[in-house]
Amino acid sequence: MSERMKIFEGDITTLEVDAIVNAANNSLLGGGGVDGAIHRAAGPQLLAECVTLDGCRTGEAKISGGYDLPSKHVIHTVGPVWDGGRANEDALLADCHRNSLMVAEENGLKTVAFPAISTGVFGFPKERATRIAVREVRAFLDQDVGVEQVTFVCFSERDFDLYQRVLGMALD
Ligand code: AR6
């Protein structure tokens, strides 16, 4: 299992995988954070395709091409905005991971990379989000699916250490 879940510290737009997941917003028309970085690196054709996708509900996921990115596809998901834990945030964040992986599976993709969805602008507590992300990815991979490898992309050393700790516990 440890070979099927990896941690990478750095910029998700540099990864050569079948799909990188975007932490988008309901419009799917771009934004700041990792969403902005993905649109910049993919080029204007990504936005042109996103316009045709008709938005995305929180917790759901939609796929597009990767255009100028080294990854073949982008799977856009919309994480919950943290509201103190009173607004079903945990379940919605779990849905983001599960639905992104289901979209990958439906499209025959084998390698997928996730950023730490909702933990930037949307304010989800990092450790809580990391535990949910790892639990959902692990449960999905345990079903013996076509997706072979999932990379958790950490944008700081601190996030990398957190993922290492949570993954270590998950694998005990
Ligand atoms: N590669 C990997 N991770 C990154 C990168 C990158 N290039 N850039 C940032 N991160 P955020 P959210 C990390 O705010 O909280 C946008 O405006 C970052 O350090 O990008 O889901 C959307 O349009 C953090 O750990 O996403 C939405 O409106 C993580 O990515 C809103 O922000 C997520 O931070 C979504 O907010």
Side-chain angles (χ1 to χ4, degrees), residues 5-44 46-51 53-64 66-85 87-101 103-104 111-134 136-137 149-167:
M5 291 197 289
K6 287 192 353 181
I7 324 175
F8 170 79
E9 186 186 331
D11 182 351
I12 199 167
T13 65
T14 65
L15 293 185
E16 235 176 278
V17 284
D18 291 336
I20 59 172
V21 176
N22 184 15
N25 58 58
N26 297 117
S27 77
L28 295 188
L29 300 181
V34 71
D35 193 6
I38 288 172
H39 275 273
R40 272 194 302 280
L46 178 60
L47 180 59
E49 183 175 357
C50 284
V51 167
L53 296 179
D54 198 24
C56 184
R57 293 207 180 119
T58 304
E60 296 186 355
K62 292 192 176 175
I63 192 167
S64 73
Y67 301 101
D68 292 344
L69 288 163
S71 67
K72 295 191 194 95
H73 302 273
V74 178
I75 295 172
H76 306 265
T77 190
V78 184
V81 177
W82 180 253
D83 184 25
N88 209 25
E89 296 97 316
D90 288 351
L92 288 166
L93 187 64
D95 288 349
C96 285
H97 290 84
R98 217 175 27 253
N99 287 328
S100 296
L101 289 168
V103 167
T111 53
V112 179
F114 279 92
I117 298 162
S118 282
T119 67
V121 176
F122 282 178
F124 206 112
K126 290 215 174 201
E127 175 150 357
R128 188 165 172 149
T130 306
R131 287 173 189 274
I132 292 167
V134 168
E136 288 304 318
V137 169
Q149 191 169 66
V150 172
T151 303
F152 296 105
V153 182
C154 303
F155 208 45
S156 69
E157 194 180 341
R158 208 181 152 141
D159 288 357
F160 184 87
D161 291 345
L162 174 60
Y163 266 87
Q164 219 168 18
R165 186 158 56 78
V166 171
L167 267 170

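Start at 1 and go down the list; that is how both ligands and their atoms are numbered. Side-chain atoms are counted along with the backbone in the values below, which use heavy atoms only and exclude waters and symmetry mates.
- Using a 4.0 Å cut-off to heavy atoms of Asp35, the atoms of ligand 1 that qualify are 22 (C), 23 (O).
- Contacts of Asp18 classified as salt bridge (charged side-chain N to carboxylate O under 4.0 Å, His left out), with partners at least two apart in sequence or in another chain: Lys72.
- When each atom of ligand 1 is checked for a heavy atom of Thr119 under 4.0 Å away, the hits are 15 (O), 24 (C), 25 (O), 29 (C).
- A 4.5 Å side-chain heavy-atom check between Val17 and Val112 finds every atom pair outside the cut-off.
- Side chain to side chain, Ser64 and His73 fail the donor-acceptor criterion of an N or O pair below 3.5 Å.
- Within the 3.5 Å criterion, the main-chain N or O of Asp11 finds a donor-acceptor partner in the side chain of Thr14.
- In summary, the atoms of ligand 1 found under 4.0 Å from a heavy atom of Phe155, numbered by their order in the structure, are 1 (N), 2 (C), 3 (N), 4 (C), 5 (C), 6 (C), 7 (N), 8 (N), 9 (C), 10 (N), 13 (C), 19 (O).
- Salt bridge absent: Arg158 and Asp161 never bring a charged side-chain N and a carboxylate O closer than 4.0 Å.
- Not a single heavy atom of Gly79 sits under 4.0 Å from any atom of ligand 1.
- Note on ligand 1: Cys154 sits outside its first shell, no heavy atom being nearer than 4.0 Å.
- With ligand atoms numbered from 1 in the order given, ligand 1 contributes 25 (O) to contacts under 4.0 Å with heavy atoms of Lys126.
- In Ala37, the part holding a heavy atom less than 4.0 Å from any atom of ligand 1 is the side chain.
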